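One structure is given below, encoded as structure tokens.
Computed from a predicted model, the values in this text were never measured in an experiment. In the text below, chain A, chain B and the rest are named by the order of the sequence lines, each starting its count at 1.
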Amino acid sequence: MNYEDVMNLAVRRGFFFRAVDSYPNTPAGFWDYGPLGVAFKNRYLNLWRRYLVKRDEMLEIDTVQIMPKAVFVASGHLSNFTDPKVECSKCHTIYRADKVIEEKVKHAVPEGLKDSEYDALLAENHVLCSNCKNPLSGTKRFNMMFRVGIGPQEEEAYLRPETAQGIFVDVPLLFKTQRIKLPKGIAQVGKSFRNEIAPRQGILRLRELNQAEIEVLFNPEKVDLPKFGAALDYKLNIAQGDVEPTPISVSEAVAQGVIPHKLIGYYLHLIQSFYEKVGIPSSAIRLRKLGDDEKAFYSSVAFDLEVRTSGGWLELVACNYRSDYDLTRHAEVSKTDFTVDDEGVKVLPHIFELSMGIDRSLFALLESAYRVEGERTYLALKPAVAPIQVGVFPLMGKDGLPEEAKKVYELIRDDFEAAYDEGGSIGRRYARSDEAGIPFCVTVDQETLKEGTVTVRERDTKGQVKVKVNELPGWLASQTR
RNA sequence: GCGGCCGUGGUCUAGUGGUUAUGACAGGGGCUUCCCAAGCCUCUAACCGCGGGUCCGAAUCCCGCCGGCCGCACCA
């Protein structure tokens, strides 16, 4: 089992499609969700809302995707989101300007210089391509953000590279209108855009991606609140570096300084337990603590929630302690007051973020659920995230069974994700539903007509139980929660 | 972005210069059967990634582009 097997099934059944496939020469890094994929994403996000947003009484908002240049000047994305690059004139190898100079002069070169300063250093030190010894081009920048022009003047603006900035810039109005008490999570689901140089691995590396982000705003003086006590005994699968995780309780992790304080422990526990809830085995989850050299520029403490896949550990959630970096910068650049009231004291909130990649998470769930047993292929998705929860089949296409099955279908389709199917043999329909990950199939047979019972077939065990038609909605509700 | 390999219906695949381009699976319709992909009939579906070139003739040879995989680089 590997990436290709899973994607093959996902494309065949309509989870994902390559975007704009009908046109030739469509660039890589863009994928569409098919009908089953949309249902899957919706079910997954509903669980995210239930388990994180509602449970922790967060507020969900939905902000714009295009924002003016100034926002990204403040956020640091315009300067930090780019690397200075030079290219060999002959073999076209690309180097980072600072790194290639460092190699030649044997001492550290700052990352934040201007292009002209790098050019001067390159010339002074006669830096050549280390591959073919030919001259290098002048320093150029590649910005990972998509630039757009607003209005007839094409005023400089960008598609957001993360949904977080939309939350940050809304902080003053949120606090004026929502009677917010710290700490408070602000959540958002939406698209982000990153102009990757060479996206590979399909759905795992996208130029247009789906994120579900949570920005927890808190008073840095109050990180020891009673509500965080609920997680103290929870075992976090922490990995200090690229190693197997070692479970450690939140209280121990704080005591040992692995995590800065209880608040962060509490939210790491929420996100880890969310993935356990949606069906990733705990043994396949780790919270990898990032070293200083691999953290984002805005992050002071960072953990990546990663899941073990056939292609190695896959990063699904970036958990960053962004401190007051973002709000300080937005306050400076916008000249707006970003301090908020916390029990009578003015504070500039600190931020801990849980930035989830939705597309990757859905892939990880599919791969984790992918099973092959002989001829049979099925997705052992948990009923709570399965895109279709129940299939309804007449055993045969005669004797009034289709009519009766449609009645059963209509009885449940408003409250459940249900699909009706009368094509082919019953076995074939079971096989089809297995590939779509449908956990329960309801079959209407002669006994339905006589005794008012249906046969419910369970996907993973292939076991069958009889359920009375009038009790079916309640039975399904209890099984698919 | 660099180097190597590759690109035929939704999926897998036959076909390496010559008539309407294989086959299977999947899918649609019909008959029949019915509790785990049965059988029969039938239909749909690829102008062979896109563009250009060589040739009387190109899926097949050449060039460019796009895409995929692997390695390097990149991954805020």
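- E213(A) and S355(A) form a side-chain donor-acceptor contact under 3.5 Å, judged by distance and modelled atom types alone.
- In this model, the phosphate group of C34(B) is not approached by any side-chain N or O of S425(A) to a distance below 4.0 Å at OP1 or OP2.
- Contact of R457(A) with C36(B) (side chain to base): a donor-acceptor pair of N or O atoms is detected under 3.5 Å.
- Between G27(B) and R432(A), a contact under 4.0 Å exists linking OP1 or OP2 to a side-chain N or O.
- Of the candidates G67(B), C65(B), C35(B), C65(B) carries the atom nearest the N25(A) side chain, counting heavy atoms from C-beta on.
- If you take CG of D5(A) and P of G68(B), they are 19 Å apart, rounded to a whole angstrom.
- Donor-acceptor pairing under 3.5 Å, judged by distance alone, is absent between the side chain of Y23(A) and the base of C50(B).
- The interatomic distance linking D460(A) (CG) with C36(B) (P) rounds to 18 Å, in whole Å.
- When Watson-Crick and G-U wobble pairs are counted only if both distances are under 3.5 Å, G67(B) pairs with C6(B).
- Computed from coordinates, the W31(A) CH2 to G68(B) C1' distance equals 10 Å when rounded to whole Å.
- As judged by a 4.0 angstrom heavy-atom cut-off over every strand, G423(A) is placed among residues making no nucleic acid contact.
- For V11(A), the side-chain atoms get nearest to G10(B) when compared with the rest of C75(B), G10(B), C34(B).
- Ion pairing of R360(A) with E306(A) is absent here, as no side-chain N (NZ or NE/NH1/NH2) approaches a carboxylate O to less than 4.0 Å.
- The residue R18(A) sits close only to the backbone: its heavy atoms come under 4.0 Å of sugar-phosphate atoms, none of a base.
- With salt bridges taken as basic N to acidic carboxylate O contacts below 4.0 Å, none links K466(A) and E451(A).
- Under the Watson-Crick or G-U wobble criterion, with both distances below 3.5 Å, G1(B) is paired with C72(B).
- Using cut-offs of 30° and 60° for the angle between ring planes, the F15(A) and F40(A) rings count as perpendicular.
- Side-chain atoms of T455(A) and base atoms of C35(B) include a donor and an acceptor less than 3.5 Å apart.
- Because its NZ or CZ atom is both nearer than 6.0 Å to the ring centre of Y430(A) and within 45° of the ring axis, R457(A) counts as a cation-pi partner of that residue.
- The listed nucleotides are C36(B), G68(B), C50(B); the one nearest the side chain of P24(A) is C50(B).
- Remark: the D445(A) side chain and the C35(B) base include a donor-acceptor N/O pair separated by less than 3.5 Å.
- Taking the side chain of I426(A) as heavy atoms from C-beta on, and the options G68(B), C36(B), C35(B), the nearest nucleotide is C35(B).
- Atom CG in D421(A) sits roughly 14 Å away from atom C1' in C35(B) (whole-Å rounding).
- Between the CD atom of E422(A) and the P atom of C31(B) there is a distance of 11 Å, given to the nearest Å.
- Atom C1' of nucleotide C69(B) and atom CG of N8(A) are separated by 15 Å, given to the nearest angstrom.
- Proximity of R428(A) to the phosphate of A26(B): a side-chain N or O atom is located under 4.0 Å from OP1 or OP2.
- Base pairing of C56(B): its partner is G18(B), meeting the Watson-Crick or G-U wobble criterion (both donor-acceptor distances under 3.5 Å).
- Set against C35(B), C74(B), G67(B), the side chain of P27(A) has G67(B) as its closest nucleotide.
- R429(A) has no carboxylate O lying under 4.0 Å from a charged side-chain N of E422(A), or vice versa, which leaves the two without a salt bridge.
- Between F16(A) atom CZ and U11(B) atom C1' the separation is 17 Å, expressed in whole Å.
- Following rounding to the nearest Å, D21(A) (CG) and C50(B) (P) show an atom-to-atom distance of 12 Å.
- Checking A45(B) for Watson-Crick or G-U wobble geometry (two distances, each under 3.5 Å) identifies no partner in any strand.
- The base of C35(B) sits within donor-acceptor range of the side chain of Q464(A), with an N or O pair under 3.5 Å.
- Nucleotide C31(B) forms a pair with G39(B), judged by Watson-Crick or G-U wobble geometry with both contacts under 3.5 Å.
- Partner of R286(A) under the side-chain hydrogen bond (donor to acceptor under 3.5 Å, both in side chains) criterion, chosen from D242(A), D304(A), N237(A): D242(A).
- Between K398(A) and U33(B), a side-chain N or O to OP1/OP2 separation shorter than 4.0 Å is present.
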